[in-house]
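As structure tokens, the structure follows; a few thoughts come after it.
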Amino acid sequence: MASLVGAFAASHGPLIIREWERVPPEQKKRMAAAYKELGRRLTAAKPDVLIVVSPDHWSNFFLDNYPAVCIGVGAVNDGPPEPWMKDFPHRTLAGDAAFASHLVDEALRQGFEPAVSHHLKLDHGSCIPLWRMELDRLPKIVPMLLNSIEPPMPSLDRCYRWGELLRKAIESYREPLRVAILGTGGLSHSIGEKTMGAIYEDFDQETIRLFGGAQDGLIRYLDEKLPTHGNGSEEVRNWLVAHGAAGGRGFELVDYLPVPTVIVGCGFAAWRIQAHN
Ligand SMILES: [Fe+2]
């Protein structure tokens, strides 16, 4: 049977690549170290497959057609289309068609209805963390594109439930796969709105604190605060998927720092994976 061997989360703001050289050295050092620490832990978990939960930033979908959730079931997906991601070391990323199709089947059986794609472009949302984690070799990547950037979006509770569902689906897969999950995006940032560039450190710190407690309190807080704390903060949904997969337990902050140069409250987290009770 397959098992969940790791759950992680990391920010992915475009300026983490585009403005990297302008980030003050101390902050750059901390960010680089945090990404590498996630990479070290991911490598130590020896995953065969990594489910990457990220929004699509208009690389596959647009306002006229944006699914709440789309799972990539292709044997291969394309690397990032953004010109400024051209140095990302993978033009294609191998998928796992059989396992991804199992996730879709299980989701449908449980009353969840993802869209399905046989060939996706994995943009900076998926690829910046993979790049900065400096992995020697990539596991197979199963993309889960979750709309966390454009209303209407899936509810926060639904995102947490998606995580729970993924855990069940992983554990019902007959092959002995080792599977990890990476939620990307957040924490607070504001893109293309009046508050563009704002970082809400208090919101980020409270969100981080609440990840250590019961998910009800976390979701209540986010439901109340997200509408006024930057549209990019909505990407915390992808962290909730990882949190749900981990059973709402075992959250560990690897680092957090607000980085004005990249206009993101940069967060890095891992979950200690525990067996079910
Ligand atoms: Fe994003």
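No experiment lies behind these values; they were computed from the predicted model shown.
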Heavy atoms, side chains only, cut-off 4.5 Å: are Asp123 and Pro81 in contact?
yes
Side chains of His124 and Ser54: donor-acceptor distance under 3.5 Å anywhere?
no
Who passes side chain to side chain contact (heavy atoms under 4.5 Å, CB included) against Arg132, sequence neighbours left out?
Ile16, Ile17, Trp20, Tyr35, Ile128
Quick one: list whatever passes side chain to side chain contact (heavy atoms under 4.5 Å, CB included) with Arg174, sequence neighbours left out.
none
Is any side-chain heavy atom of Tyr173 closer than 4.5 Å to one of Leu177?
yes
According to side-chain hydrogen bond (donor to acceptor under 3.5 Å, both in side chains), who are the partners of Arg220, at least two apart in sequence or on a separate chain?
none
Checking Lys46 now: which residues fulfil salt bridge (Lys or Arg N to Asp or Glu O under 4.0 Å) with it, not counting sequence neighbours?
none
Assess, by modelled atom type and distance only, whether the side chains of His12 and Glu235 contain a donor and an acceptor separated by less than 3.5 Å.
yes
Please report the closest heavy-atom contact between Cys127 and Phe88, naming both atoms and the distance.
O-CE1, 3.4 Å
Flag side-chain contact, heavy atom, 4.5 Å: Val259 against His189:
no
With side chain to side chain donor-acceptor pair (under 3.5 Å) as the rule and sequence neighbours excluded, what pairs involving residues 110-120 come up?
Asp78-His119
Just to verify, what does Arg137 make a side chain to side chain contact (heavy atoms under 4.5 Å, CB included) with, not counting sequence neighbours?
none
By side-chain hydrogen bond (donor to acceptor under 3.5 Å, both in side chains) - contacts of Ser190 (at least two apart):
Glu193, Thr195
Sole candidate of Tyr160, Phe251, Tyr221 that passes ring pair (Phe, Tyr, Trp, His ring centres under 6.0 Å) when paired with Phe211:
Phe251
For Tyr256, give me all partners under side-chain hydrogen bond (donor to acceptor under 3.5 Å, both in side chains), at least two apart in sequence or on another chain.
Asp204
Should we say atom CG of Asp64 is surrounded by more than 12 heavy atoms from elsewhere, each under 6.0 Å from it?
yes
For Glu21, enumerate each residue passing the side-chain hydrogen bond (donor to acceptor under 3.5 Å, both in side chains) test, keeping only those at least two apart in sequence or located in another chain.
Lys28
Reported CG-to-OG1 distance for the pair Leu135 and Thr43, which is rounded to 0.5 angstrom:
5.0 Å
Listing request: all side chain to side chain donor-acceptor pair (under 3.5 Å) pairs with a residue in residues 87-98, at least two apart in sequence or in separate chains.
none
I'd like to check the salt bridge (Lys or Arg N to Asp or Glu O under 4.0 Å) partners of Arg30; sequence neighbours left out, ordered by chain and number.
Asp255
Who passes side chain to side chain contact (heavy atoms under 4.5 Å, CB included) against Leu156, sequence neighbours left out?
Ile219, Leu222, Asp223, Leu226, Arg237, Leu240
